[in-house]
Structures are given as structure tokens and as C-alpha cells.
Amino acid sequence: MQTRVFKKPAKLVSVKAYQAKFGHLPAPEAYKFLSTEELERQAAEAISRGEPMKEWAARSQNRFGTPLDGFFS
């Protein structure tokens with residue numbers, strides 16, 4: 001099986017604040033498919049609403065049959 005490593009960008013201020021507030025990081029799909037700006041925007045919006053992103057919070061319980069499921073094994 002092929003192993004892939006996804007590196008998150010170094011300066012994600014809103015994402016770090018999101019993790020501190022809600023206790024989890026964005027879903028791996030967010031890191032893979034969203035631009036850094038979009039990821040930061042969504043994290044900042046969730047912080048201002050005071051509610052976590054539902055897709056990000058529930059990702060550890062969902063299995064989609066993709067290699068990204070391995071982040072939660």
C-alpha cells in the first residue's frame with residue numbers, strides 16, 4: 001500500500017485558534033482540497049459563530065474508504 005504524507009502549511013493562525021477552541025483539526029480533505037486562504041476563512045467563520053464545522057467535527061467517526069481514513073486509525 002502506498003503511504004502519503006500531507007503537510008499542513010506552517011502559518012494557519014485561524015486553524016490553530018480553531019483547534020484550541022474546539023479540540024480538533026479540520027478534516028484531512030479540507031487540507032487536501034481547500035486553499036490555505038479558504039481553510040483559514042472557514043476556521044475563522046466557525047470561531048466567530050462559536051460552533052465547530054460539522055464536517056470537520058464528525059470526520060473521525062466517518063469512513064469513506066479513502067486513504068484519508070488512515071488519519072483516524
Side-chain angles (χ1 to χ4, degrees):
M1 179 184 276
Q2 195 176 43
T3 302
R4 295 181 184 193
V5 177
F6 296 102
K7 296 180 182 178
K8 55 185 172 181
K11 298 196 178 193
L12 293 173
V13 177
S14 294
V15 171
K16 288 181 182 179
Y18 178 93
Q19 181 183 20
K21 183 170 178 99
F22 299 116
H24 62 87
L25 287 168
E29 290 84 3
Y31 283 109
K32 185 174 179 182
F33 297 113
L34 297 178
S35 68
T36 303
E37 295 80 16
E38 182 66 16
L39 192 60
E40 280 285 285
R41 186 187 65 73
Q42 286 187 12
E45 284 180 6
I47 292 168
S48 68
R49 279 194 322 264
E51 297 178 6
M53 298 286 294
K54 291 178 184 174
E55 299 83 11
W56 297 356
R59 178 57 176 102
S60 63
Q61 291 86 34
N62 297 330
R63 296 293 185 250
F64 299 117
T66 70
L68 297 176
D69 287 345
F71 281 96
F72 303 104
S73 300

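- With hydrogens and angles ignored, the 3.5 Å screen pairs a side-chain donor or acceptor of Tyr18 with a backbone N or O of Met53.
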Stepwise side-chain contact (heavy atoms from CB on, under 4.5 Å) test for Phe33 and Leu39: CA-CA 9 Å; Phe33 297 113; Leu39 192 60; over 6 Å; no

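- Distance check, rounded to the nearest 0.5 Å: CG of Leu12 to CD of Glu40 gives 5.0 Å.
- Between the OG1 atom of Thr36 and the NZ atom of Lys11 there is a distance of 12.5 Å, given to the nearest 0.5 Å.
- Scanning for side-chain hydrogen bond (donor to acceptor under 3.5 Å, both in side chains) contacts around Glu45 gives Arg41, with sequence neighbours left out.
- A search for side chain to side chain contact (heavy atoms under 4.5 Å, CB included) contacts involving Ser35 returns Glu37, Glu38, not counting sequence neighbours.
- Within the model, atoms CD of Gln19 and CD1 of Ile47 stand 11.0 Å from one another, a figure rounded to the nearest 0.5 Å.
- Although no hydrogens or angles enter the test, the distance criterion places no donor-acceptor pair under 3.5 Å between the side chain of Glu51 and the main chain of Ala46.
- Interatomic distance, Leu25 CG to Lys16 NZ, rounded to the nearest 0.5 Å: 10.5 Å.
- The heavy-atom pair separating His24 from Pro52 by the smallest distance is NE2-CB, 3.8 Å.
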